[in-house]
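For reference, the structure is listed below as structure tokens.
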Amino acid sequence: SRKTAAIWNMLSQESLKSNVVGWWPSHPAEPLNGVMVSNFYQRAVADLDQPWPMAPGTVFPKKMSSIIAQMRVHPQELTAQHILPFVPEAAKVDQEKDKRLASVGKILSEAACIHNSATYLMENTEWDFMAVYYDNIDHFCHGFMKYHPPKLNGIKAEDHEIFKNVVNAGYVYHDMMLGRMLNLTDENTTIILISDHGFESGKNRLLKLPKEAGAPAYDHRSYGIFAASGPKIRKDELVYGANLLDITPTLLSIYDLPI
């Protein structure tokens, strides 16, 4: 339903190479001067012992599909060592009745899929622009922010104790992935870290959402994050009043293209 050019379309018109991974919503992957991996890529569709085909149109160009498919991590490949930093008391969870631990594994493995394919493309392709969308902090927060300290009235003490660490661990995990990506760049690379919204983390957290379209947005805060670093970025400056409509003009200015 997108009715206008995306930043990668504009850059392709200028013969600049773009890699776009996991952007939401981007299925089917569209033709561009580079590689696109759609947001259907990371979804596991069956148990580990069953086939895991990628939906047609997941990767452009199609010739990259087989190598990108190998970068996926299935939730059932995860071990206790992967899960315990998020839920140290995972052994207390009755997984026959309680699917929250499986949810942690699903979110964790999907993040790994996106990260693996993105870092592979950073290392093994030529690119001028790299756009990677991690939706996993959002999923961790929707699923587990209600257990985050301080404990909310209405949350069982045992649930709080088991799942209180998930959100913070999600941020640590993403910080590690960001560190890896930074290590694949140099001082001539401009880095922009953005989110499309924030998340309620205090007394305004809801224990239950209303049954209506778009209800998960009640969990959100309007203000997200914008941070940038690079050769054309002023150091130690605060940015006021920025919104999502400022992102593409900022990128175009970095490439010395008309806004």
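Because the structure is predicted, anything quoted here is derived from the model rather than measured.
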Taking C-beta and beyond as the side chain, do Thr248 and Met10 meet within less than 4.5 Å on heavy atoms?
yes
Distance from Lys151 atom NZ to Glu161 atom CD, nearest 0.5 Å?
11.0 Å
Specify the closest pair of heavy atoms between Gly202 and Leu152, including all atoms of both residues, with the distance to one decimal.
O-CD2, 4.2 Å
Atom pair CG/CD of Asn9 and Glu30 - distance to nearest 0.5 Å:
4.5 Å
Pairwise distance CD1(Ile233) to CD1(Ile192) - rounded to 0.5 angstrom
6.0 Å
Between Pro258 and Leu252, is there a side-chain heavy-atom distance shorter than 4.5 Å?
no
If you count heavy atoms of other groups shown closer than 6.0 angstrom to NZ of Lys106, is the number above 12?
no
Treating Ile, Leu, Val, Met, Phe, Trp and Tyr as nodes and any side-chain heavy-atom pair under 4.5 angstrom as an edge, say whether Ile137 and Val87 lie in one connected cluster.
yes
Please step through side-chain contact (heavy atoms from CB on, under 4.5 Å) for the pair Tyr255 and Leu16, ending with a clear verdict.
CA-CA 10 Å; Tyr255 290 97; Leu16 295 170; 3.8 Å; yes
In terms of heavy-atom contacts, Ala215 and Pro210 come closest through CB-O, 3.1 Å
From CA spacing to verdict: side-chain contact (heavy atoms from CB on, under 4.5 Å), Arg100, Val93
CA-CA 9 Å; Arg100 286 174 290 186; Val93 179; 6.0 Å; no
When rounded to the nearest 0.5 Å, the distance separating CG of Leu178 from CD1 of Ile191 is 8.0 Å
Report, as yes or no, whether the 6.0 Å neighbourhood of atom NZ on Lys99 holds more than 12 heavy atoms from other residues, nucleotides or ligands.
yes
Do His197 and Asp138 come within less than 4.5 Å of each other through their side chains, counting heavy atoms only?
yes
If you measure from SG on Cys113 to CG on Leu108, what distance do you get to the nearest 0.5 Å?
10.0 Å
Name each donor-acceptor pair under 3.5 Å that joins a side chain in residues 41-52 to protein atoms two or more places apart or in another chain, with its distance.
{"unit_1": "Tyr41", "atom_1": "OH", "unit_2": "Ile68", "atom_2": "O", "d": "2.8"}
{"unit_1": "Asp47", "atom_1": "OD1", "unit_2": "Gln76", "atom_2": "NE2", "d": "3.0"}
{"unit_1": "Trp52", "atom_1": "NE1", "unit_2": "Arg43", "atom_2": "O", "d": "2.9"}

Verdict with reasoning, Phe60 to Leu32, per side-chain contact (heavy atoms from CB on, under 4.5 Å):
CA-CA 8 Å; Phe60 177 88; Leu32 79 172; 3.9 Å; yes
The complete set of salt bridge (Lys or Arg N to Asp or Glu O under 4.0 Å) pairs with one or both residues in residues 169-195, sequence neighbours excluded, reads Glu123-Arg180
Taking the side chain as every heavy atom from C-beta outward, state whether Asp219 and Phe199 have any atom pair closer than 4.5 Å.
yes
For Gly224, does its backbone N or O pair with a side-chain atom of Asp196 as donor and acceptor, under 3.5 Å?
no
Looking at Leu121, Asn124, Val20, Val21, which hits side-chain contact (heavy atoms from CB on, under 4.5 Å) with Val35?
Leu121
Could you check if a side-chain atom of Asn116 sits within less than 4.5 angstrom of a side-chain atom of Arg72, using non-hydrogen atoms only?
no
Is a side-chain donor or acceptor of Asn19 paired with a backbone partner of Met130 at a separation under 3.5 angstrom?
no
Is it possible for you to say whether Trp8 and Val37 belong to one hydrophobic cluster, with membership spreading through side-chain heavy-atom contacts below 4.5 Å?
no
When clusters are formed by joining ILVMFWY residues with side-chain heavy atoms under 4.5 Å apart, either directly or through shared neighbours, do Ile194 and Tyr134 land in the same one?
no
Closest approach of Gly105 and Ile83, non-hydrogen atoms and distance?
CA-CD1, 3.9 Å
If you draw a 6.0 Å radius around CZ in Arg234, do more than 12 non-hydrogen atoms from other residues or ligands fall strictly inside?
no
Answer with yes or no after comparing the ring centroid distance for Phe144 and Phe86 against a 6.0 Å cut-off, counting only values under it.
no
If you take all heavy atoms of Pro249 and Ile259, which pair is closest and at what distance?
CB-CG2, 3.6 Å
Hey, can you tell me if Phe140 and His174 have their rings parallel, tilted or perpendicular (30° and 60° cut-offs)?
perpendicular
Heavy-atom side-chain proximity of Ile155 to Leu207 below 4.5 angstrom
yes
Do Val59 and Phe40 share a hydrophobic cluster (ILVMFWY, side-chain heavy atoms under 4.5 Å, transitive)?
no
Here the gap from Cys141 atom SG to His148 atom NE2, rounded to the nearest 0.5 Å, amounts to 8.5 Å
Would you say the side chain of Tyr120 lies within less than 4.5 Å of the side chain of Gln70, judging by non-hydrogen atoms?
no
Which atom pair, heavy atoms only, marks the closest approach of Val73 to Ala112?
CG2-CB, 3.9 Å
For Met145 and Arg205, run side-chain contact (heavy atoms from CB on, under 4.5 Å): C-alpha distance rounded to whole Å, both residues' side-chain angles, the deciding distance at 0.1 Å, then the answer.
CA-CA 8 Å; Met145 185 63 87; Arg205 290 174 287 171; 3.6 Å; yes
Check: Tyr133 and Asn39 side chains under 4.5 Å, non-hydrogen atoms
no
Compare every heavy atom of Ala55 with every heavy atom of Thr58, then report the nearest pair and how far apart it is.
OG1-O, 2.5 Å
Residues, nucleotides or ligands: over 12 heavy atoms within 6.0 Å of Glu212 CD
yes
Mind jotting down which residue pairs meet the salt bridge (Lys or Arg N to Asp or Glu O under 4.0 Å) criterion with at least one end in residues 246-256? Sequence neighbours excluded, please.
Lys232-Asp256
Taking Trp23 as the starting point, is it possible to reach Met122 by hopping between hydrophobic residues whose side chains are less than 4.5 Å apart?
no
Judged by atom type as modelled, is there a donor-acceptor pair below 3.5 Å linking the side chain of His27 to the main-chain atoms of Pro56?
yes
